[in-house]
Structure formats: C-alpha cells, structure tokens
Number of protein chains: 2
Amino acid sequence: MSTRQSRRGAVTLTGQSRQPLYKDVKLAITRMLSSGEMQAGEAIPTEKQLCEIFGTSIGTIRRAIDELVAEHVLIRQQGRGTFLAPYSPDRMLNIFFNIVSKDGRREVPIVQTLSFQNDFSDAETAKELAIRDGDEIYKIHNIMLMGGEPAVLDEIRISSILFPGLTETEFVSRDMTIYDLYQNRFGINVIRTSDRLRSIPADVSTAKRLNIPLGMPLLEILRVAVTFEDRPVEWRRTLLNTENFEYRNLLKSDGL
Amino acid sequence: MSTRQSRRGAVTLTGQSRQPLYKDVKLAITRMLSSGEMQAGEAIPTEKQLCEIFGTSIGTIRRAIDELVAEHVLIRQQGRGTFLAPYSPDRMLNIFFNIVSKDGRREVPIVQTLSFQNDFSDAETAKELAIRDGDEIYKIHNIMLMGGEPAVLDEIRISSILFPGLTETEFVSRDMTIYDLYQNRFGINVIRTSDRLRSIPADVSTAKRLNIPLGMPLLEILRVAVTFEDRPVEWRRTLLNTENFEYRNLLKSDGL
DNA sequence: TTCGATTTGTTCGTATGTATT
DNA sequence: TAATACATACGAACAAATCGA
C-alpha cells in the first residue's frame, strides 16, 4: 500500500504531513479532547471505532493513545474503555501538588481565599500567559493551612478570557481543587506545570500572615500551568514555610 | 500458541512469572545492562539477535526496549542500533542538573573539591544509602562556581563498597561530571534522583564560603540518586544561593 | 558517489488472553 | 454467561537512516 491516503471515507488527517501517521492520529485525538466537547472522565471512542474513524489499523490507534496515556491525558482500563483523565482532587494532589510534610506524609491542604480581584495584566504576566499586555485577568490570593498551621501563601493570575464569568463566590465555594475547577467549569485540562524555585526572606505582610519572624527563609515557587499544546493557563506564585513542609521532586528521567 | 515456554534453547526467562512476557524480557535486559559488563554508549544486541536470545517475537522485544528508552536507560538510533545511554557530560547536565541562571540559561558549573574524607556512616545516612550503620563511606565537599561567582556548596556521601578504591586525586582530576565518573569508572548508572527542597538561612561557614551575609536564605536540596532497580547510589546535600540562580522543575506528568 | 547490507521505525493485520459489565 | 474493550504476542512488509565497500 502506498504511503498516505484516507480510506473508506475516513476522517482526513493532516494530509501531506511528513510525520508518522500515528502522530497525525494523536494530534486529531488531542483536538477532539481539547475542543471542550469532552468531559473529564468521559470515555473516548473504542479502539475499533477509532480505526473506522481514522481509517487506520488498530496498532496505529494504540500507538497514538499510548503516548497520550504516557502524558496522563488519557487513562486506559482493560474491559472498560479509554477515558479523558479525570483529574480527581486526589489525583490532582498527587500529580501537581508536591508540597509534603517533612516525614513524607501528604497533608491535604485547607485553602482559604484572601482576595479575588479583577485586574489588568502587566507586561511580564502577559508574556507568561501568552495574552496581551493590559488584557483582563483575575488575581487571587490564598492561604493554605496544613496540619492546622498556615504554611503556604499563594497568588494566582489567570486570564479572564479563558475563564469567563468566574466569580469570587464560585471560586471560594468550589468543593474541589483549583485545577478541578478549571476542568469541570471551563473544560480546561491542566496537563503540565513548570516550576522555578528560589529561597527568599519573608516580608512584613507575609510574616504576619504565616505567623513567622520577619526575614525568615521561605521557598518561593513560580509556576506556569499549561494545557494541551503548551498553551499557558495559569501563573502562580507560592510561598512556602519549610519549617514543617518541603517541596518534593520525585523521579527524574520520565517514565517509571 | 500457548502461553509461556522457552523455545529453541533460548534464554530461560524468569519462568513461572505472572507478569507479561515483555516485562520478563525487560528485566532480563536490565540485568544484562546492570551486570557491569556493558559500557555506557555501547550497543546492545540488535532486535533480531534479541529475538533469538529470548525466543520471542520482535514485537515483544520492541515493547521491552520501548520502556527502557522511555526511562532513558537505552537510546535507539534508526539505522545504527540501540545503546546504553551514554550519560555524556552534556546529557548529565541536562537531565540531572536543574540549577539554571534566572534568565533561563544553563551555566556550566565549575566544581572545586574542598575536602575528601573516608568516614563511617551514621544511622540516617545508612538508611538513605541502604547500607549498614557504621559502613565505610566517602564524604566529599564541593563548591561550584557559576558565572564566576561561588553559588553552590554541596556534600556528597557514597558507599566505599560501591566505589572501591576511589581516591581524592582521581575524584578531583576527573574531566567529566560526577555521575559520569560513577558510570565510567565503576559501571554505575544513575538513572533517577529524588530531591527534597527547603529554604534555610546560611550558617557562618556557608556564608563565608559563598561570600554572602549570615542568615541569608538559601535553597537546600537533599538528593538521593538511584540506579537500576531503585538501588541508592549517592546521598547529596546541596546549598544554592538563589540570588542569581534557581532550581527548575520543568514538566510534570511524565513523557513529554 | 553509489549501492547494498544492516538496523531501527512505521504500519498493517491476526489471534488469543483478561477484565468489565 | 455473553458481549465488549483493552492487553499481549505474533509476524510480515516496507520506509528511512546509517555505514562501509
């Protein structure tokens, strides 16, 4: 069979691409998922159905799905099907929350929102969020209690365009993690984050809020969270008191 | 064909295992690699040869190798072969060195060894290195210059049993990264690290060495590096002045 | 430079095993 | 139990990269 053509009225893939067929399929599936029509936790078509949709063999479909599973975008379950990763609170905590107690236990943090503002992006934030300077954003300040003590302060900046109609009430009254809110309310899946860590002294207001001495060393974490195709979703600055907690970076060199 | 039997005098795999055949093959290949007979960068047998060695189909071999490639243990090159990951200085820096300049550039650090001692393990170190309390270890103190300024202090503890005959002269005169030394001189591949990060004030001697004020916030990184099958190889404590450099944790949720 | 042998990469397809409903 | 869906294993054919004659 010659190199690349759609068969039997199947979906036309990117066509004249110079990349392998399974990459085309992967991209097509990714677009299906990120179109916003799919709910988190929902099943995607079966492998056999995808064969017919794309007009490829099951091996090619599996290869495409393999990569999305490796990226935690999809979850496969034998006998059940393949699902858009649910990002359950528990899962979110395990994947994107790497602040743990010094003895290694994962405390579930209690988040309290200190302020929720409508604001305009400065140049630097615009660059991080891939929006225009001056675009509307939400600025949200939170404090997190871990083990009963205030241990973390953070500031979140997100584009109002990506999260239209988000209100303080809705944000505060959510019964899930913030990333789950992005997913369930706006159909935005956070699939990766990039953290930059520094050590800085506590300033006056931070010291007061975390009930620690002025100038005490804190861990500053600057995070950008991205969704499919590396589109930035959220900028976040976290300040952690590492007296009783620490940041863990388990495993390097992917895979297992 | 029925489930599990060796054919044609092929290597007997783990036998009565309840895991998939490709996992057996993966483990067998892993043992080949970690036996110390293989040099980093050396080619492993071709897929066809492995078929004969293990008496399985090429698909099964490929599946096993796929996982090892995903774990950066092996590297495949079309037309050439499959190789034990070389851990070149450049590669080591990119994979296991996540201290970068604030503007994102990767400075190549200049390492100077301050001291090299033969010592005995305390209980905690023994636990981290999976050796016995009181076993002999090397304790090595280094300072790293980045951009001409002293930016990092670290202490390394490794088992004398794992690295027999290592001398200060040899350690200091190496022309490669420390992990490359482990690999090239002792056949030990570091394949993963686990980092724990805290923010702490500089003590007197640290402040003096890094030429910073006493009490200045530093980033403390406690690392355990492991080789195949999660066997610990090295304990390391790093202190980083984050005025001009920072710790980056790119990408969560594996793969790409 | 060309060509052929070698080696991995991609795609296809089939058969059977195992988990779920 | 039966149907469905993913998991494992097999193997064939061809493409693309590499290397040496």
Side-chain angles (χ1 to χ4, degrees), chain A residues 1-8 10-11 13-29 41-70 73-85, chain B residues 1-8 10-11 13-29 41-70 73-85:
Chain A
M1 179 174 303
S2 74
T3 27
R4 184 70 44 80
Q5 73 244 35
S6 338
R7 271 143 298 190
R8 291 169 301 187
V11 166
L13 298 171
T14 54
Q16 38 155 359
S17 64
R18 273 273 154 265
Q19 64 178 344
L21 186 52
Y22 75 88
K23 290 282 188 187
D24 290 348
V25 171
K26 180 185 173 189
L27 186 59
I29 294 175
E42 192 182 344
I44 69 170
T46 68
E47 293 175 351
K48 199 187 294 182
Q49 290 171 328
L50 289 169
C51 290
E52 288 162 13
I53 291 172
F54 296 117
T56 70
S57 78
I58 193 169
T60 301
I61 298 294
R62 285 190 66 81
R63 181 100 184 243
I65 293 179
D66 279 347
E67 294 205 350
L68 291 167
V69 168
V73 173
L74 295 177
I75 293 177
R76 274 205 274 234
Q77 281 182 264
Q78 185 176 161
R80 297 228 302 140
T82 303
F83 307 87
L84 182 53
Chain B
M1 180 173 302
S2 75
T3 29
R4 184 70 43 82
Q5 73 244 29
S6 337
R7 270 144 297 192
R8 291 169 303 190
V11 166
L13 297 172
T14 54
Q16 36 154 0
S17 64
R18 275 274 155 266
Q19 64 179 345
L21 184 54
Y22 75 88
K23 290 282 188 187
D24 290 349
V25 172
K26 179 185 172 189
L27 186 60
I29 293 175
E42 193 181 342
I44 69 170
T46 68
E47 295 175 351
K48 198 188 295 183
Q49 289 171 330
L50 289 169
C51 289
E52 287 163 14
I53 292 171
F54 296 117
T56 70
S57 78
I58 193 169
T60 301
I61 299 294
R62 287 190 64 82
R63 181 99 185 245
I65 294 178
D66 279 346
E67 295 205 351
L68 291 167
V69 168
V73 173
L74 295 177
I75 292 177
R76 275 206 274 233
Q77 280 182 264
Q78 185 176 161
R80 298 227 303 141
T82 303
F83 307 86
L84 182 54

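Numbered from 1 within each chain, the chains take letters A, B, ... in sequence-line order.
Within the structure, every side-chain polar atom (N or O) of A/T46 is placed at least 4.0 Å from both OP1 and OP2 of D/dT4. Taking only side-chain nitrogens and oxygens, B/R62 comes nearer than 4.0 Å to OP1 or OP2 of C/dG9. Of the side-chain N and O atoms in A/R80, none sit less than 4.0 angstrom from OP1 or OP2 of D/dT4. Between A/T60 and the phosphate of C/dC12, there is a side-chain N or O to OP1/OP2 separation shorter than 4.0 Å.
Residue contacts shown for A/G81 are limited to sugar-phosphate atoms, with no base heavy atom under 4.0 Å away.
Regarding B/I58, its CD1 atom lies at a distance of 13 Å from the C1' atom of D/dC14, rounded to whole Å. Computed from coordinates, the B/F83 CZ to D/dA17 P distance equals 16 Å when rounded to whole Å. One interatomic measurement links the two molecules: OH of A/Y22 to C1' of D/dA16, which rounds to 13 Å at whole-angstrom precision. Going from atom CD of B/E67 over to atom P of D/dA7 covers 13 Å, rounded to whole Å.
A donor-acceptor contact under 3.5 angstrom links the side-chain atoms of A/Q78 to the base of C/dG17.
Although no hydrogens or angles enter the test, the distance criterion places no donor-acceptor pair under 3.5 Å between the side chain of A/E52 and the main chain of A/Q49.
Put simply, the side chain of B/F54 does not reach to within 4.5 Å of the side chain of B/D24, judged on heavy atoms.
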